[in-house]
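To start, the structure itself, in structure tokens.
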Amino acid sequence: MPPSSSKFPKTTRLLRGGQFQKVYRRRRSVSDRILIVHGCENDLEHARLGLSVSKRVGNAVVRNRWKRAIREAFRLIQAETSPGIDLVISPRRGATPDALMIRRSLKSLTQRLACKLG
RNA sequence: GAAGCGGACUAGAUGGUCGCUGGUUGCCGCCCAGCUUGGGCGGCGACGGGAGGAAAGUCCGGGCACCACAGGAUGCGAUGGUGGGUAACGCCCACCGGCCGCAAGGUUAGGGAAAGUGCCACAGAGAAUAGACCGCCAGACGGGCACACUAGCCCGUCGGGUAAGGGUGAAACGGUGCGGUAAGAGCGCACCAGCAGGCUGGGUGACCAGCCUGGCUAGGUAAACCCCAUCGGGUGCAAGGCCAAGCAGAAAGCAAGCCUCGCUUAGCGGGGCUUCGGGCCGAUCCGGUCUGCCGCUUUCGGGUAGGCCGCUCGAGACGCCGGGCAACCGUCGUCCUAGAGGAAUGGCCAUCGUCGCCGACCGGCCUCGGGCGAUCGGCGAAACAGAACCCGGCUUAUAGGUCCGCUUCAAGC
RNA sequence: GGAUGGGUGGCCGAGUGGACUAAGGCGGCAGUCUUGAAAACUGCUGACGUGGCAACGCGUCCGGGGGUUCGAAUCCCUCCCCAUCCG
């Protein structure tokens, strides 16, 4: 059953180390001032999200804030992005987790990534 | 009112909306077992849960799990006033001693240096059974001055005496006074400080108070070795257990003698002793124990890194009463309060409350250049920080606010 | 989540109670040699604050803070940072 547009169940997340490895091995990534996005095709009708937030970004509270902000942005824009892509998103080191900026950045980065994957 | 000390509490609130997570439950779909009851997975819906005072650092102490385990000695590590609390502690409480503060109070690794060993740089004469550089003192010798008498004064050299003075140092082997002496010195005496021993009184005790005697002096350092007392098995939930899936194994090591017993009798098997090898008893030794060939041990290599359990009812929270100075303990009553796993507990909006700044306004108050207060509007701020098996502490980070007790100073009565 | 090891000039690093704190090497600067450079050789060289016209002087600093000691890079406590390991 495909997920409805604004929900975020477990089927739209990457849960295994192997899935992350697959995305990294595809070696297709785009980035801007605040985010780095790795991408890879999957055989599903929808996109899936994985998060990789390094300890260098900040302490646990800052890392949680990043993850929530990116998840929220992904949840809101997943209907308009191209389906069938697995994404692994990492924040850049100097950036601050601002919800509006992340949503705008994520939208353009996923479009660029879809072009790159062909 | 000003300054300060100690302690406790809180960690914005309410509502709406969109999400996440696991629990209970209803419906639907698939799978397994099937006579039925059932079990598992997924989706949708409803109901009620969903971070902290430090969840942090991992600095201590436990519970729990696995491994190991007769015991003794040595070693290693930790702790260190006394008494209590505790499951335990390096924690807490009370008290004692030292230091700081006018005080409330704060702080204290606070056993032993008259068991032993080591060290105390530089400077200084001498640095721990001390030491004569300058100085002080008398003596011998030589020289000079003065020489009538007492025999004097000065300089130099020599070997002595002397710890009162100078100087060095973080530290120089008690302080003051009197006597004493060639000069001096606890050399003698008095007082003071400090020490040792004994006695008396108080206290469970650390210790306190007093008296007597002694010798006159004992340096510091044990967060140097050490001694004494007490405590301590190791590893950690990635412990550990079950299920599923999956690959590929290789190398090394694994005694000898004697006695005895059994059998299908010249071979095989069992038991005991001695020596030897190996493992374990955390490091060493004594001592003990297991084992020595067709299965074990060790090392290297390969494969998985999926699911379930452990996983939250516990030294549990709250309240009353009782015991105790207190930490804390006990009876009774009520309650169940997060369990994730690429890792949930959040985003947005509105209203209210707190604080700060700016502006407007008031028939409020005053020491009237201004300050305080009330009302309204706008803008801004709200910390430190995220459970990862669970508890008890410690340490560190922390915006704003509330309350309680106490001290000193000032004013009024 | 748990367990270990380590922080010394710009860099690598010795020093594990003794004075002006700091061995040695790399690097940097200046000089000699050269037409010029490289190599070689010789000498110098830490940062910050402060005083001074200058030469130079004084103070602080071994990740930060506190303690023990006459004296700490060294011993003890505590905090911060970095690196490694696990099933």
Side-chain angles (χ1 to χ4, degrees):
Chain A
M1 199 169 184
S4 61
S5 59
S6 59
K7 304 235 168 180
F8 188 58
K10 270 187 175 171
T11 49
T12 62
R13 277 178 271 167
L14 300 181
L15 299 171
R16 297 276 158 254
Q19 297 169 339
F20 279 79
Q21 288 305 312
K22 191 184 163 202
V23 173
Y24 281 126
R25 260 190 234 110
R26 187 72 174 79
R27 302 187 64 83
R28 290 288 181 278
S29 68
V30 290
S31 65
D32 63 2
R33 197 171 284 278
I34 56 174
L35 293 178
I36 304 169
V37 180
H38 291 260
C40 174
E41 305 91 337
N42 58 15
D43 300 328
L44 304 168
E45 320 269 281
H46 54 85
R48 292 190 297 184
L49 176 68
L51 292 166
S52 172
V53 182
S54 158
K55 219 167 195 174
R56 329 192 73 164
V57 169
N59 58 21
V61 173
V62 174
R63 293 199 300 271
N64 271 343
R65 203 172 287 150
W66 267 108
K67 290 191 241 178
R68 285 169 185 149
I70 296 172
R71 271 198 288 265
E72 185 69 12
F74 177 80
R75 192 174 70 82
L76 292 171
I77 68 159
Q78 62 181 340
E80 21 186 319
T81 57
S82 49
I85 301 180
D86 283 344
L87 305 167
V88 175
I89 303 181
S90 309
R92 274 205 189 273
R93 193 160 176 198
T96 49
D98 178 77
L100 204 71
M101 301 244 311
I102 289 170
R103 205 191 308 176
R104 208 178 300 147
S105 157
L106 190 59
K107 211 182 283 184
S108 71
L109 286 175
T110 47
Q111 282 166 8
R112 281 170 54 198
L113 189 67
C115 293
K116 209 166 180 182
L117 286 165

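Just so it is clear: chains get the letters A, B, ... in the order the sequence lines come, proteins before strands, and each one is counted from 1.
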Distance check, [atom1] atoms only: [N] and [M], in whole angstrom units.
N: B/G339; M: B/C390; atom1: P; value: 13 Å
N: B/U312; M: B/C389; atom1: P; value: 14 Å
N: B/G393; M: B/U284; atom1: P; value: 41 Å
N: C/U16; M: B/C119; atom1: C1'; value: 16 Å
N: B/U265; M: B/C290; atom1: C1'; value: 35 Å
N: B/G241; M: B/C268; atom1: P; value: 42 Å
N: B/C226; M: B/G202; atom1: C1'; value: 38 Å
N: C/A14; M: B/G278; atom1: C1'; value: 45 Å

Expressed in angstrom and rounded to an integer, what is the separation of [X] atom [atom1] from [N] atom [atom2]?
X: A/Q21; N: B/G306; atom1: CD; atom2: C1'; answer: 16 Å
X: A/K7; N: B/U17; atom1: NZ; atom2: C1'; answer: 13 Å
X: A/Q78; N: B/C20; atom1: CD; atom2: C1'; answer: 13 Å
X: A/L76; N: B/U17; atom1: CG; atom2: C1'; answer: 13 Å
X: A/N59; N: C/C80; atom1: CG; atom2: P; answer: 12 Å
X: A/F74; N: B/G342; atom1: CZ; atom2: P; answer: 17 Å

Hey, is [N] sitting syn or anti, using the within-90° cutoff around 0?
N: C/A23; result: anti
N: B/U337; result: syn
N: B/A255; result: anti
N: B/G369; result: syn

If [N] has a Watson-Crick or G-U wobble mate with both distances under 3.5 Å, name it; if not, just say none.
N: B/A185; value: none
N: C/C41; value: C/G31
N: B/C376; value: B/G359
N: B/C311; value: none
N: B/U304; value: none
N: B/A56; value: B/U395
N: B/A223; value: none

Would you check if [X] and [Y] make a side-chain contact, meaning some heavy-atom pair closer than 4.5 Å?
X: A/I102; Y: A/F74; result: no
X: A/L106; Y: A/I89; result: yes
X: A/Q19; Y: A/D86; result: no

Could you list all N or O pairs between the protein and nucleotides 343-350 of chain B that sit under 3.5 Å apart?
residue: B/A343; atom: OP2; partner: A/R71; partner atom: NH1; Å: 3.2
residue: B/A344; atom: OP1; partner: A/R71; partner atom: NH2; Å: 3.3
residue: B/U345; atom: OP2; partner: A/R68; partner atom: NE; Å: 3.1
residue: B/U345; atom: OP2; partner: A/R68; partner atom: NH2; Å: 3.3

For A/V23, the rest of its hydrophobic cluster, which grows through side-chain links under 4.5 angstrom:
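The other cluster members (ILVMFWY side chains, heavy atoms under 4.5 Å, direct or chained) are A/L14, A/F20, A/Y24, A/V88.
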
Just to verify, what does A/L117 make a side-chain contact (heavy atoms from CB on, under 4.5 Å) with, not counting sequence neighbours?
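Scan of A/L117 (side-chain contact (heavy atoms from CB on, under 4.5 Å), adjacent residues dropped) gives A/R26, A/R28, A/E41, A/I85, A/L113.
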
Heavy-atom count check: over 12 atoms from other residues, nucleotides or ligands less than 6.0 Å from A/R13 CZ?
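Counting neighbours around CZ of A/R13, more than 12 heavy atoms of other residues, nucleotides or ligands fall under 6.0 Å, so yes.
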
Would you indicate, yes or no, if B/G19 has its OP1 or OP2 atom less than 4.0 angstrom from a side-chain nitrogen or oxygen of A/K10?
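Checking A/K10 against B/G19: no side-chain N or O falls below 4.0 Å of OP1 or OP2.
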
Closest to the A/R16 side chain: B/G342, B/G22, B/C20?
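Among B/G342, B/G22, B/C20, the one nearest the side chain of A/R16 is B/G342.
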
So, do A/F8 and B/G19 meet the stacking rule of ring centres under 5.5 Å and planes under 30°?
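Taking the rule of under 5.5 Å and under 30°, the ring of A/F8 does not stack on B/G19.
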
ILVMFWY cluster, A/I77 and A/I36 together (side-chain gap under 4.5 Å)
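No, no single cluster joins them.
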
Is it the case that the side chain of A/Q21 and the backbone of A/R16 share a donor-acceptor pair, with hydrogens and angles ignored and the cut-off at 3.5 Å?
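Not confirmed, A/Q21 side chain does not pair with A/R16 backbone.
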
